[in-house]
J.: 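Please see the structure below; I have some questions.
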There are 2 protein chains.
Amino acid sequence: MTAPKPGGPVRGSTTGRPLMAALDLFGRRWSLRVLWELREGPLGFRALQQRCGNMSSSVLRQRLGELVESRIVAQLPDTTYELTGLGREAYEALRPLGRWSQRWAEELGTAAEPEA
Amino acid sequence: MTAPKPGGPVRGSTTGRPLMAALDLFGRRWSLRVLWELREGPLGFRALQQRCGNMSSSVLRQRLGELVESRIVAQLPDTTYELTGLGREAYEALRPLGRWSQRWAEELGTAAEPEA
DNA sequence: CTATCGTGCTTCTGAAATAGAAGCGCGAGG
DNA sequence: CCTCGCGCTTCTATTTCAGAAGCACGATAG
């Protein structure tokens with residue numbers, strides 16, 4: 001599994017700045033979504049897949065591997081996945097984005113739309 | 001240009017929830033990075049490309065098109081790109097992620113350089 | 001015991017996204 | 001005129017993702 005690590009070179013940056021690693025990790029498809037869907041508690045593989053709109057199982061496995069390797073997600077003895085402390089903090093760090101998206105929707109709605 | 005819109009169906013979700021559109025948009029490679037690199041003021045195409053570790057110009061063009069279409073970025077008369085009000089708010093919403101990445105680096109035990 | 005079911009996970013193939021180089025048209029400066 | 005850097009486009013190779021199929025395992029049922 002090749003998850004980007006803070007301190008090491010990542011896609012688009014060789015400085016090792018943690019943020020760049022985070023942007024690489026979370027810039028991969030479904031990463032943010034998986035983090036989001038685990039917000040309310042542990043989920044099994046297939047349940048998680050369904051919550052993500054039946055995303056590809058191969059990619060889900062890959063993302064989960066990366067997130068586990070990055071200590072953002074952990075797998076419980078019963079094989080379900082849950083956010084670690086670090087993972088919950090990441091989710092918290094993401095919540096402002098949720099609020100922003102609301103404003104985004106409003107602003108795009110009130111803007112001049114060609115068709116209703 | 002096919003940028004995801006809040007209110008419409010996006011990859012992995014047909015509910016139209018704004019957050020899902022945001023996760024789709026920002027889950028595309030380099031989206032977050034471009035937003036981040038524009039934080040301190042307008043940049044031209046090539047300058048922006050360089051700041052993103054010489055990312056592919058074709059993809060940069062694509063991402064810029066999507067961000068402009070989403071009213072997160074605007075192109076000035078002198079052709080440089082800058083964040084709109086919405087874009088600056090999105091950047092603000094992203095700052096907690098920067099702080100989180102610091103903690104992430106610490107917890108992983110990897111070398112952590114203080115970010116700008 | 002066998003048969004069936006749901007689970008986590010793997011593997012495979014085609015489609016889509018991205019990387020990276022090359023180059024075009026343009027305006028500024030020499 | 002020429003050259004330069006600019007925004008941007010186009011092309012091809014590579015990487016990543018999508019989606020279907022299926023395997024191994026444990027629980028449950030017959």
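Values below: every heavy atom of this structure, side chains too, minus hydrogens, waters and symmetry copies. Numbers restart at 1 for each chain; the letters A, B, ... are given by sequence-line order, proteins then strands.
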J.: Kindly say if Gln75(B) contacts the phosphate of dC8(D), meaning a side-chain N or O under 4.0 Å from OP1 or OP2.
T.: yes
J.: Which part of the nucleic acid does Arg46(B) contact within heavy-atom distance under 4.0 Å: base, sugar-phosphate only, or nothing?
T.: base
J.: When you check the phosphate oxygens OP1 and OP2 of dT7(C), does a side-chain N or O of Tyr81(A) lie under 4.0 Å from one of them?
T.: no
J.: Would one find a side-chain N or O of Trp30(A) under 4.0 angstrom from OP1 or OP2 of dT16(D)?
T.: no
J.: Any salt bridge between Glu89(A) and Arg103(B), counting N to O under 4.0 Å?
T.: yes
J.: To the nearest Å, how far apart are Phe45(B) CZ and dC6(D) P?
T.: 12 Å
J.: With a 4.0 Å cut-off, would you call Arg88(A) and Glu92(A) a salt bridge?
T.: no
J.: Expressed as a whole number of angstroms, how long is the span from Leu60(A):CG to dT11(C):P?
T.: 16 Å
J.: Tell whether Ser58(B) reaches the base of dT9(D) with its side chain through a donor-acceptor pair below 3.5 angstrom.
T.: no
J.: Mind calculating the distance between CG (Asp78(A)) and C1' (dT7(C)) to the nearest angstrom?
T.: 12 Å
J.: Can you check the Glu66(B) CD to dC8(D) P distance for me, whole Å?
T.: 15 Å
J.: Nearest 0.5 Å, please: how far is CG in Leu94(A) from CG in Leu19(B)?
T.: 7.5 Å
J.: Nearest to the side chain of Ser57(A) - dT10(C), dT18(C), dT9(D)?
T.: dT10(C)
J.: Tell me the interatomic distance from Arg61(B), atom CZ, to dC24(C), atom P, rounded to whole angstroms.
T.: 20 Å
J.: Calculate the interatomic distance between Arg33(A) atom CZ and dA18(D) atom P; express it in whole Å.
T.: 12 Å
J.: Would you kindly check whether a donor in the side chain of Thr79(B) faces an acceptor in the base of dG7(D), or vice versa, at under 3.5 angstrom?
T.: no
J.: Roughly how far, to the nearest 0.5 Å, is CD of Glu66(A) from CG of Leu25(A)?
T.: 6.5 Å
J.: Which sits closer to the 5' end of DNA chain C, Asn54(B) or Arg29(A), going by the nucleotide each is nearest to?
T.: Arg29(A)
J.: Output the rounded distance in Å from CD (Gln62(B)) to C1' (dT18(C)).
T.: 8 Å
J.: Select base, sugar-phosphate, or nothing to describe what Gln49(B) touches, counting heavy atoms under 4.0 Å on all strands.
T.: nothing
J.: Please state how far atom CE in Met55(B) lies from atom P in dA17(C), giving the value in whole angstrom units.
T.: 15 Å
J.: Flag the pair Tyr91(B) / Trp100(A) as yes when their ring centroid distance falls below 6.0 Å, and as no otherwise.
T.: no
